[in-house]
Engineer: 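I'd like to ask some things about the structure below.
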Amino acid sequence: MNDPEPYRLLLTLENATEEELKFGIPADRLKIEFGPQHKRQPHPEDQLEERWEQECSANPRIFDGSKFRLHSIAWAGDRSSVSICLGLTGYKEYL
């Protein structure tokens, strides 16, 4: 199979029809929303920077890098499309 993309995203939506489960949702019915409102929300007790500095000191080969964060996926409005909400995060936030 010659797909234009090197991957497929496999997710199961609540209340999907048998046809949707069997054949998937066409790309023209996907709505992608990307923005800072979908990023990880910091917690007051995180101490993220302190933990990151400790990890970097212990392992100098560790690095931070950008990753997408899946915030939500749901039917949009009248089920005419699927809304996928993404934010930006990094490896540092997954310590």
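Heads up: numbering here begins at 1 and tracks the sequence. Because the structure is predicted, anything quoted here is derived from the model rather than measured.
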Engineer: Between NE2 of His38 and CD of Glu33, what distance do you get to the nearest 0.5 Å?
Structural biologist: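 It comes to 3.5 Å.
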Engineer: Do other residues, nucleotides or ligands put more than 12 heavy atoms under 6.0 Å from the CD atom of Glu14?
Structural biologist: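 It does not: Glu14 CD has 12 such atoms or fewer within range.
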Engineer: Count the heavy atoms belonging to other residues, nucleotides or ligands that lie under 6.0 Å from CD of Glu19, then report whether that count exceeds 12.
Structural biologist: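 Incorrect, the count does not exceed 12.
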Engineer: Could you tell me whether the side chain of Lys22 reaches within less than 4.5 Å of the side chain of Thr17, counting heavy atoms only?
Structural biologist: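 No, side chains not in contact.
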Engineer: Check ring pair (Phe, Tyr, Trp, His ring centres under 6.0 Å) between Phe63 and all other residues, then give those that pass, not counting sequence neighbours.
Structural biologist: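 Here the qualifying residues are Tyr91.
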Engineer: Quick check for you: to the nearest 0.5 Å, what is the distance between Ser81 atom OG and Arg29 atom CZ?
Structural biologist: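 The CZ atom of Arg29 is 7.5 Å from OG of Ser81, to the nearest 0.5 Å.
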Engineer: Nearest 0.5 angstrom please: Arg40 CZ to Lys92 NZ, how far?
Structural biologist: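 Arg40 atom CZ to Lys92 atom NZ measures 10.5 Å (nearest 0.5 Å).
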Engineer: According to side chain to side chain contact (heavy atoms under 4.5 Å, CB included), who are the partners of Glu55, at least two apart in sequence or on a separate chain?
Structural biologist: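 Ile62, Leu95.
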Engineer: Do Ile32 and Trp75 sit in the same hydrophobic cluster, where Ile, Leu, Val, Met, Phe, Trp and Tyr count as joined when their side-chain heavy atoms come under 4.5 Å apart?
Structural biologist: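 Both belong to a single hydrophobic cluster.
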Engineer: Let me confirm one number: the CD1-CZ distance from Ile25 to Arg79, rounded to the nearest 0.5 Å.
Structural biologist: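 Interatomic distance, Ile25 CD1 to Arg79 CZ, rounded to 0.5 Å: 8.0 Å.
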Engineer: Rounded to the nearest 0.5 Å, what's the gap from CG on Leu30 to CD1 on Ile84? Could you check?
Structural biologist: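 If we round to the nearest 0.5 Å, Leu30:CG and Ile84:CD1 are 5.0 Å apart.
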Engineer: Measuring from His71:NE2 to Lys39:NZ, what's the distance to the nearest 0.5 Å?
Structural biologist: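 The distance works out to 12.5 Å.
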Engineer: Just wondering, are more than 12 heavy atoms of other shown residues or ligands nearer than 6.0 Å to CZ in Phe34?
Structural biologist: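 Counting neighbours around CZ of Phe34, more than 12 heavy atoms of other residues, nucleotides or ligands fall under 6.0 Å, so yes.
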Engineer: Would you please name every residue forming a side chain to side chain donor-acceptor pair (under 3.5 Å) with Glu93, sequence neighbours left out?
Structural biologist: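 Expected list: Thr89.
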Engineer: Kindly work out whether a path of hydrophobic side-chain contacts (I/L/V/M/F/W/Y, heavy atoms less than 4.5 Å apart) joins Val82 to Phe68.
Structural biologist: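 Same hydrophobic cluster.
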Engineer: Would you call Leu13 and Asn15 a side-chain contact if the rule is heavy atoms closer than 4.5 Å?
Structural biologist: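 No; the side chains remain at least 4.5 Å from each other.
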